[in-house]
Amino acid sequence: YEAADVAGRAFELGRVCRNCFDNVQLGCSNTTAGFCITCEPCGPGTFRSGCTLTSAGSCVDCANEDEEVGFRFFKPNFGNASDLCQPCTVCGGATQNGTEYDARRCTAFQDTDCQQCASCPNGQIRVGCGDDSPGFCVEIAPGVTEILAGNSRDVGDFSIRNATGGPIPGEYFFTSPFALSMLGEYSDCGLRVGASTTVRFPDRSNGRLGMSVFTPAANMRSLPARRAAIAEPAVAHLQDGLRRAVSASDLSLPVYFSPTGATFSPPAQASVPLTLEQLEYARLLVQTRTAFELNIYKWNTVTSAWEPFETQARLEGRAVWFETTSFSTFSAAINTIGTVPNATDTDGDVGVNPEDPVDVVQPTPREPYPGLDPTDSNTSDLLPMVIVGAVIAFLTLLACGYWYYRWRKERETAEALKSANAYPSQREIASQDLPVWLRMQQQADGAVPPTPEPPQPVPQPIPQPMPQPMYQRVP
């Protein structure tokens, strides 16, 4: 039966609610069984949230208007109450690789319409093509033809143009913090500009800040001075994969920050992504306790070479973050500390010639504990000694526990026997049930105690006869 069939008196005695099965039950109390409703679908651009067995929930807007690329959602129709908003298409793929941009931005009601990025003249490559920007053509370096990831953002919502009233048309004053993040596997990389920062754009700028990760040309893959490798004995015990990381590429994937020539006061924070080989190389250096540092390099378009860039670098996830006062093309490298020319390196070209002994240096140990040298060969003997000591301590503890158990049991047995001296033993009690001939034989042999004498019968008083009367009745 249903709650509606229950007599009214039952509602006064206790709550009986209507069974709504998969629908929503509302209004149940001590005097009414409530009623059933169905969660209705929401219109385009919204979805139903909070629909449970006791609540119909409400319609909530799809996250879109104030969200960045990759975090926007849309819903084009009513559908069902369980239909959710769908993620908007990211033009150019998960990393915005510079092949497409948004011809029509994704809204809460419809998906993105993507437009192919235009080509550039020979020797140039299009950067900043993504989101709602078609980008522009630049010459990064000869041989650069592929953009792997990129993103850009207009600074108009975060700054005031010509706040100082100066004659520079491309000067902006940031009134709130500005942040730009990459997508996909490069999500650890980005750009941060603090509030109260003044940025000056070159004349050709359109008021957007951007960054593009690209595949380096052949002459951009290594430094003029090759990185010092770790000595072979120091890594002989490591996995082959980590040992191969020693010969990995010197530099990270380079990043072109646009527009080149833009200046910041105070400095902005930029980042470049490390490769997986570099991350393994850093882990190898940590395992071998080799001192190393993160260095930032800037591409010189005149000399077509990398130059050291003086700044403080730090590692956050897969990205190396640093401060800069101007935009250019940057890359990062992991270098060991303490590499010095060897006496046999007569030409002075430290690290240039792979045959020079200076290219192989011994690791600089960092003692984690006082008096423990990780490079000492005797250090490897500590582990067996620790294991043997632990085994001996365990066996000693086990033996002490066993002897203590034996002592306790003997003490309990002695106390039990002492308290049972006033009572016959189980052997004496059992001997009472033996046959007479077997018990007599065991008594003669002394195997059992003699049978106690039976108790003497207690004499009983003899009843006296009743006295006879002295007279007789006369008939």
Side-chain angles (χ1 to χ4, degrees), residues 94-98 125 127 138 140-151 180-192 210-230 241-242 244-258 260 267-286 290-301 303-324 326-337 339 351:
T95 60
Q96 289 186 299
N97 58 10
I125 188 171
V127 297
V138 296
I140 299 177
V144 176
T145 59
E146 182 184 22
I147 298 295
L148 300 176
N151 201 358
L180 177 67
S181 300
M182 304 286 282
L183 301 179
E185 59 182 299
Y186 305 101
S187 58
D188 292 333
C189 297
L191 176 67
R192 301 166 187 165
M211 55 188 301
S212 301
V213 182
F214 62 92
T215 302
N219 62 333
M220 303 179 70
R221 297 180 182 273
S222 60
L223 298 171
R226 189 167 64 88
R227 177 185 60 202
I230 301 177
L242 293 179
R244 287 194 299 270
V246 177
S247 60
S249 175
D250 289 343
L251 290 166
S252 68
L253 290 173
V255 178
Y256 176 85
F257 290 89
S258 60
T260 298
Q269 297 187 34
S271 61
V272 294
L274 290 181
T275 62
L276 295 179
E277 290 79 10
Q278 284 182 311
L279 292 176
E280 288 196 41
Y281 179 66
R283 183 173 60 169
L284 182 145
L285 294 176
V286 172
T290 302
F292 69 93
E293 60 185 2
L294 298 170
N295 298 120
I296 301 298
Y297 293 88
K298 178 180 178 180
W299 181 252
N300 189 324
T301 57
T303 61
S304 296
W306 292 105
E307 296 178 349
F309 184 74
E310 296 297 331
T311 184
Q312 294 293 328
R314 67 186 185 277
L315 184 63
E316 295 184 14
R318 281 189 54 184
V320 178
W321 285 80
F322 61 96
E323 291 187 348
T324 179
S326 61
F327 271 180
S328 183
T329 301
F330 296 98
S331 185
I334 302 174
N335 296 318
T336 55
I337 300 176
T339 304

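Basis for what follows: all heavy atoms, side chains included, without hydrogens, waters or symmetry-related copies. Treat the numbers as computed from the prediction; the structure is a model and nothing was measured.
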Flag side-chain contact, heavy atom, 4.5 Å: Pro216 against Leu253:
yes

Rounded distance [0.5 Å steps], CG in Leu294 versus CD1 in Ile334
6.0 Å

By the definition side chain to side chain contact (heavy atoms under 4.5 Å, CB included), identify the one residue from Asn295, Ile296, Asp188 that meets it with Val320.
Ile296

Among Tyr256, Tyr186, Phe257, which residue meets the side chain to side chain contact (heavy atoms under 4.5 Å, CB included) test with Met211?
Phe257

Indicate the atoms forming the closest heavy-atom contact of Ala333 with Tyr297, along with that distance.
CB-CE1, 3.6 Å

Here the pair of heavy atoms bringing Asn219 nearest to Pro142 is OD1-O, 4.3 Å

Are the side chains of Glu307 and Ser328 in touch, meaning some heavy atoms are under 4.5 Å apart?
no

So how far is it from Leu180 CG to Asn151 CG, rounded to the nearest 0.5 Å?
4.5 Å

Before you tell me yes or no, could you show the steps for Leu274 and Leu315 under side-chain contact (heavy atoms from CB on, under 4.5 Å), namely the whole-Å CA-CA distance, both residues' side-chain angles and the distance that decides it to 0.1 Å?
CA-CA 9 Å; Leu274 290 181; Leu315 184 63; 3.6 Å; yes

Going by heavy atoms in the side chains, are Phe309 and Thr324 under 4.5 Å from each other?
yes

Gln96 and Leu183: which non-hydrogen atoms are nearest, and at how many Å?
OE1-CD1, 3.8 Å

CD/Gln312 to CD/Glu293 distance, rounded to the nearest 0.5 angstrom?
9.5 Å

Residue pair Glu280 / Thr275, side-chain heavy-atom distance below 4.5 Å:
no

To the nearest 0.5 angstrom, please state how far the CZ atom of Phe214 sits from the CD1 atom of Ile147.
7.0 Å

Does any non-hydrogen side-chain atom of Thr260 lie less than 4.5 Å from one of Thr301?
no

Minimum heavy-atom separation for Met220 to Val144, with atom names?
SD-CG2, 3.9 Å

With the side chain counted from C-beta on, respond yes when Trp299 and Ser304 share a heavy-atom pair under 4.5 Å apart, and no when they do not.
yes

Does one side chain, of Ser252 or Ser331, offer a donor that lies under 3.5 Å from an acceptor on the other?
yes

Beyond-backbone contact of Trp306 with Thr329, side-chain heavy atoms, under 4.5 angstrom
yes

Between Phe322 and Phe330, does the ring centre distance come in under 6.0 Å?
yes

First locate atom CE of Met182, then atom CZ of Arg318, and finally report the distance between them rounded to the nearest 0.5 Å.
11.5 Å

What is the distance from atom CD1 of Ile125 to atom OG of Ser212, rounded to the nearest 0.5 Å?
8.0 Å

Test item: Ser271 side-chain N/O and Gly190 main-chain N/O as donor-acceptor pair under 3.5 Å:
yes

